[in-house]
Each structure stands twice: as structure tokens, then as C-alpha cells.
Amino acid sequence: MNYYPYAENGRWWLSTPLGFGLGMAFAVLLLWSLFWKGLALWKSARGSHKWWFVILLLVNTAGILDILYIYVFSKRMKKSD
């Protein structure tokens with residue numbers, strides 16, 4: 001017996017407003033994180049910061065660490081060079 005009237009292939013949550021909202025929030029978060037990660041990786045590679053590149057590549061913090069690297073750590077390292 002099917003308890004969910006919108007259950008097609010077990011994806012009932014996509015047919016609800018909550019499911020659509022969560023899907024859109026996830027898509028926006030994914031694009032946000034992808035943009036900042038790409039920018040931070042590019043800056044770390046151009047600045048020859050190998051350890052920062054590895055850390056930024058492996059740690060996913062939804063763009064928070066990436067933004068901190070771009071605006072705080074990369075400028076601080078540039079001043080010390």
C-alpha cells in the first residue's frame with residue numbers, strides 16, 4: 001500500500017514544497033561553495049601555497065574557510081614575503 005500519493009519511484013519528498021525548498025537550498029549552497037572553493041584554490045596555486053591548496057581541496061566548510069583564506073590568510077602571507 002502506498003502511503004504517499006506523490007510517491008513515484010520512492011521520490012515523494014521531491015513533490016512536496018518542503019522537498020523542493022530543500023533541494024533549491026542545497027543547489028544554492030553547492031554553487032556558493034563551488035565558487036568560493038574554485039577562487040581560493042586558484043589563489044593558493046598562484047601564490048605557491050601548497051599546504052593551503054591541499055587543505056582547501058580536502059576540507060569542505062561551505063565556503064567559510066575559502067573566504068577566510070582569500071581575505072585574511074593570503075593577504076597576511078603576502079605581507080610576510
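Computed from a prediction, not measured in an experiment: that's the story for all the values here.
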Residue pairs involving residues 54-65 (criterion side-chain hydrogen bond (donor to acceptor under 3.5 Å, both in side chains); sequence neighbours excluded): S33-N60

Interatomic distance, L34 atom CG to L39 atom CG [nearest 0.5 angstrom]: 11.0 Å

Other cluster members, V54 - Ile/Leu/Val/Met/Phe/Trp/Tyr, side-chain contacts below 4.5 Å: L58

Partner set under ring pair (Phe, Tyr, Trp, His ring centres under 6.0 Å) for W42, not counting sequence neighbours: none

Pairwise side-chain contact, H49 with Y69, heavy-atom cut-off 4.5 Å (strictly under): yes

Same apolar cluster: L41 and W51, side chain cutoff 4.5 Å: no

Exam field: side chain S44 to backbone W52, donor-acceptor pair closer than 3.5 Å: no

Selection residues 54-64 - residue pairs positive for salt bridge (charged side-chain N to carboxylate O under 4.0 Å, His left out), sequence neighbours left out: none

Pairs meeting criterion salt bridge (charged side-chain N to carboxylate O under 4.0 Å, His left out) with involvement of residues 54-72, two or more places apart: K37-D66

Residues in side chain to side chain contact (heavy atoms under 4.5 Å, CB included) contact with L30, at least two apart in sequence or another chain: none

For I67, side chain to side chain contact (heavy atoms under 4.5 Å, CB included) partners two or more places apart: W32, W36, Y71

Considering all heavy atoms, the nearest L56-L65 contact: CD2-CG, 4.0 Å

